[in-house]
Amino acid sequence: MKKIVSSLLLGHLCMLIAEIIWGLMSPIGKDAMSNGISGFSMVSFRVIGAAICFWIASLFIPAEKVDKKDLALLGGAGLLSIVFNQCCFIVGLSLTSPINSSIVTTSMPIFTLILGLLFMHEKLTANKSFGMICGITGALSLILGSASGNAGEGNIWGDILCMTAQFSFASYLALFKNLIKRYSTITCMKWMFLFSSLFVLPLTARDLAALPWGEISGKTWTEVAFVVVGATFISYLLMMRGQKILTPTQVSVYNYVQPVVASIVSVAVGLATFGWMQALSILLIFIGVRLVAIKK
């Protein structure tokens with residue numbers, strides 16, 4: 001009994017810490033991109049830096065042989081979960097407010113449900129139907145508020161890009177769920193980030209070359225390091241560990257942590273404002289995600 005309790009506690013701690021780190025990433029990453037780091041450069045640092053971290057970590061675990069066919073699939077998984085996901089989110093974050101970007105991240109379970117209904121023949125219940133309506137209404141109210149200039153420092157295109165990032169990651173979960181189960185977390189991550197680096201570098205090389213390296217402060221480089229090591233390498237490891245212990249419903253509850261952390265930090269440091277539009281949007285999305293997660 002003690003072993004089960006300690007295992008559950010570990011799972012909850014892993015998810016809580018991972019979501020707090022991701023909540024902090026929005027204001028910290030936004031500040032870095034307001035002080036010399038472009039959106040595409042941040043994507044390069046995050047993807048290539050995490051690839052290096054995961055390959056170094058793989059030296060300390062037993063080697064796993066990956067089937068050649070699965071290597072190609074891991075490349076596809078990397079496109080959806082890393083390249084499209086991170087490119088859309090980081091560039092979206094550079095345009096919109098950290099509060100808006102973090103609120104949008106809570107919509108991913110709703111996209112997962114929609115894809116499950118379309119491709120995995122999941123059953124649509126009354127709870128899930130109402131949950132989708134609430135979540136979509138919340139997301140649209142946030143985006144339309146940004147378009148009319150009423151959602152703090154939001155930007156409609158930034159909000160849409162952040163939402164596209166969630167759809168991309170939900171597609172990865174739906175299409176590559178069985179593949180990820182065949183190998184350890186570090187084995188999957190090292191190959192997915194390696195392939196993603198090869199995809200990303202040609203797209204971002206011009207931005208990296210134009211970056212004013214000598215003019216960027218030490219504080220900004222520290223923020224970049226946090227995004228790479230903390231919000232990518234460590235948080236991915238924690239999330240994968242938590243998912244192995246907790247139920248999907250328990251995991252989904254922790255999505256609520258991100259916007260809370262991001263809102264508190266962003267408002268405290270003056271990076272964004274929190275108004276009634278964000279409050280309404282976050283309430284609707286939270287209700288929607290909760291209803292989608294309920295099994296009965």
Participant: Any idea which heavy atoms bring Ile61 and Ser184 closest together, and the distance?
Facilitator: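 Looking at all heavy atoms of both residues, the shortest contact is CD1-OG, 4.1 Å.
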
Participant: Provide the closest heavy-atom pair for Cys88 versus Leu161 in the form atom of the first, atom of the second, distance.
Facilitator: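 Nearest heavy atoms, Cys88 then Leu161: CB-O, 3.3 Å.
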
Participant: Rounded to the nearest 0.5 Å, what separation is found between the CE atom of Met25 and the CD atom of Glu19?
Facilitator: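 That separation rounds to 10.5 Å.
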
Participant: Within the distance-only criterion (no hydrogens, no angle test), does the side chain of Thr204 pair as donor or acceptor with the backbone N or O of Asp207 below 3.5 angstrom?
Facilitator: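 Absent.
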
Participant: What distance do Ile17 atom CD1 and Met15 atom CE have between them, rounded to the nearest 0.5 Å?
Facilitator: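 Answer for the CD1-CE pair, Ile17 versus Met15, is 11.0 Å.
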
Participant: So which heavy atom on Gly39 is nearest to which on Met33, and how close?
Facilitator: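 For Gly39 versus Met33, the nearest heavy atoms are CA-SD, 3.7 Å.
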
Participant: Answer yes if the side chains of Ser41 and Ser44 hold a donor-acceptor pair under 3.5 Å, and no otherwise.
Facilitator: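 No donor-acceptor contact under 3.5 Å links the two side chains.
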
Participant: Quick check: closest heavy atoms across Asp70 and Tyr183, and the distance to 0.1 Å?
Facilitator: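 Nearest heavy atoms, Asp70 then Tyr183: OD2-OH, 2.5 Å.
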
Participant: Determine whether more than 12 heavy atoms belonging to other residues, nucleotides or ligands lie under 6.0 Å from atom CZ of Phe169.
Facilitator: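 Enclosed: over 12 neighbouring heavy atoms sit under 6.0 Å from CZ of Phe169.
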
Participant: Counting only heavy atoms not in Phe176, do more than 12 sit closer than 6.0 Å to its CZ atom?
Facilitator: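 Above 12, so yes.
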
Participant: Could you grab the distance from atom OG of Ser81 to atom OH of Tyr172, nearest 0.5 Å is fine?
Facilitator: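 Answer for the OG-OH pair, Ser81 versus Tyr172, is 5.0 Å.
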
Participant: Can you tell me if Arg206 has over 12 outside heavy atoms packed within less than 6.0 Å of its CZ?
Facilitator: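 No, not enclosed.
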
Participant: Distance from Leu201 atom CG to Ile48 atom CD1, nearest 0.5 Å?
Facilitator: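 Leu201 CG to Ile48 CD1: 4.5 Å, rounded to 0.5 Å.
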
Participant: Are side-chain heavy atoms of Ile186 and Leu237 found at a separation under 4.5 Å?
Facilitator: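 Side chain of Ile186 against side chain of Leu237, heavy atoms only: contact under 4.5 Å found.
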
Participant: To the nearest 0.5 Å, what is the distance between CG (Leu73) and SG (Cys188)?
Facilitator: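 Interatomic distance, Leu73 CG to Cys188 SG, rounded to 0.5 Å: 11.0 Å.
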
Participant: Is the distance from the ring center of Trp221 to that of Phe226 below 6.0 Å?
Facilitator: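 No - the distance between ring centres of Trp221 and Phe226 does not fall below the 6.0 Å cut-off.
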
Participant: Identify whether Leu16 and Leu24 are in the same connected component of the hydrophobic contact network (ILVMFWY, side-chain heavy atoms under 4.5 Å).
Facilitator: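 Yes, same cluster.
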
Participant: Tell me whether Lys30 contacts the main-chain N or O of Ser94 through its side chain, where contact means a donor paired with an acceptor under 3.5 Å.
Facilitator: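 Flag set: sc Lys30 to bb Ser94 pair under 3.5 Å.
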
Participant: Does any N or O in the side chain of Thr96 come within less than 3.5 Å of the main-chain N or O of Gly92, such that one atom is a donor and the other an acceptor?
Facilitator: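 No.
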
Participant: According to a hydrophobic-cluster definition based on side-chain heavy atoms being under 4.5 Å apart (Ile, Leu, Val, Met, Phe, Trp, Tyr only), do Val43 and Leu203 belong together?
Facilitator: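 The answer is no; the residues belong to distinct hydrophobic clusters.
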
Participant: Could you check whether any side-chain N or O of Thr232 sits under 3.5 Å from a backbone N or O of Val227, counting only pairs where one atom can act as donor and the other as acceptor?
Facilitator: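 The answer is yes, because a donor-acceptor pair under 3.5 Å joins these two groups.
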
Participant: Could you check whether Asp31 pairs with Lys219 (Lys NZ or Arg NE/NH1/NH2 to Asp/Glu carboxylate O, under 4.0 Å)?
Facilitator: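 Answer for the salt bridge query: yes.
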
Participant: Any idea which heavy atoms bring Trp213 and Leu208 closest together, and the distance?
Facilitator: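 Closest approach of Trp213 to Leu208, heavy atoms only: NE1-O, 3.1 Å.
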
Participant: Contact between Tyr236 and Phe54 at the side-chain level, heavy atoms closer than 4.5 Å - yes or no?
Facilitator: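 Result yes, sub-4.5 Å side-chain heavy-atom pair found.
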
Participant: Assess the residue pair Phe84 and Leu79 against the criterion (side chain to side chain contact (heavy atoms under 4.5 Å, CB included)); give the C-alpha distance rounded to whole Å, side-chain angles, the decisive distance to 0.1 Å, and a yes or no.
Facilitator: CA-CA 6 Å; Phe84 296 152; Leu79 270 176; 4.2 Å; yes

Participant: Output yes when a side-chain donor or acceptor of Trp191 lies under 3.5 Å from a complementary backbone atom of Leu71, and no otherwise.
Facilitator: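 Answer holds: no.
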
Participant: Would you check if there is a donor-acceptor pair between the side chains of Ser168 and Asn85 at a distance under 3.5 Å?
Facilitator: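 Side chains of Asn85 and Ser168: no pair found under 3.5 Å.
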
Participant: Are Leu80 and Leu175 side-chain neighbours, meaning at least one heavy-atom pair lies under 4.5 Å?
Facilitator: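 Yes, close enough: below the 4.5 Å cut-off.
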
Participant: Return a table of donor-acceptor pairs under 3.5 angstrom between the side chains of residues 193-200 and protein atoms on other chains or two or more places apart.
Facilitator:
residue: Ser196; atom: OG; partner: Gly78; partner atom: O; Å: 3.3
residue: Ser196; atom: OG; partner: Met192; partner atom: O; Å: 2.7
residue: Ser197; atom: OG; partner: Phe193; partner atom: O; Å: 2.8

Participant: Over all heavy atoms of both residues, which pair between Gly29 and Leu93 is shortest? Give the atoms and the distance, please.
Facilitator: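 Taking Gly29 first and Leu93 second, the nearest heavy atoms are C-CD2, 4.3 Å.
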
Participant: Could you grab the distance from atom CE of Met239 to atom CD1 of Ile21, nearest 0.5 Å is fine?
Facilitator: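 Result: 12.0 Å between the selected atoms.
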
Participant: Check whether any side-chain N or O of Gln86 sits under 3.5 Å from a backbone N or O of Arg46 as a donor-acceptor pair, and report yes or no.
Facilitator: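 Not a single qualifying donor-acceptor pair exists.
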
Participant: Is the closest side-chain heavy-atom distance between Ile37 and Thr220 below 4.5 Å?
Facilitator: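 Yes; the side chains approach each other to less than 4.5 Å.
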
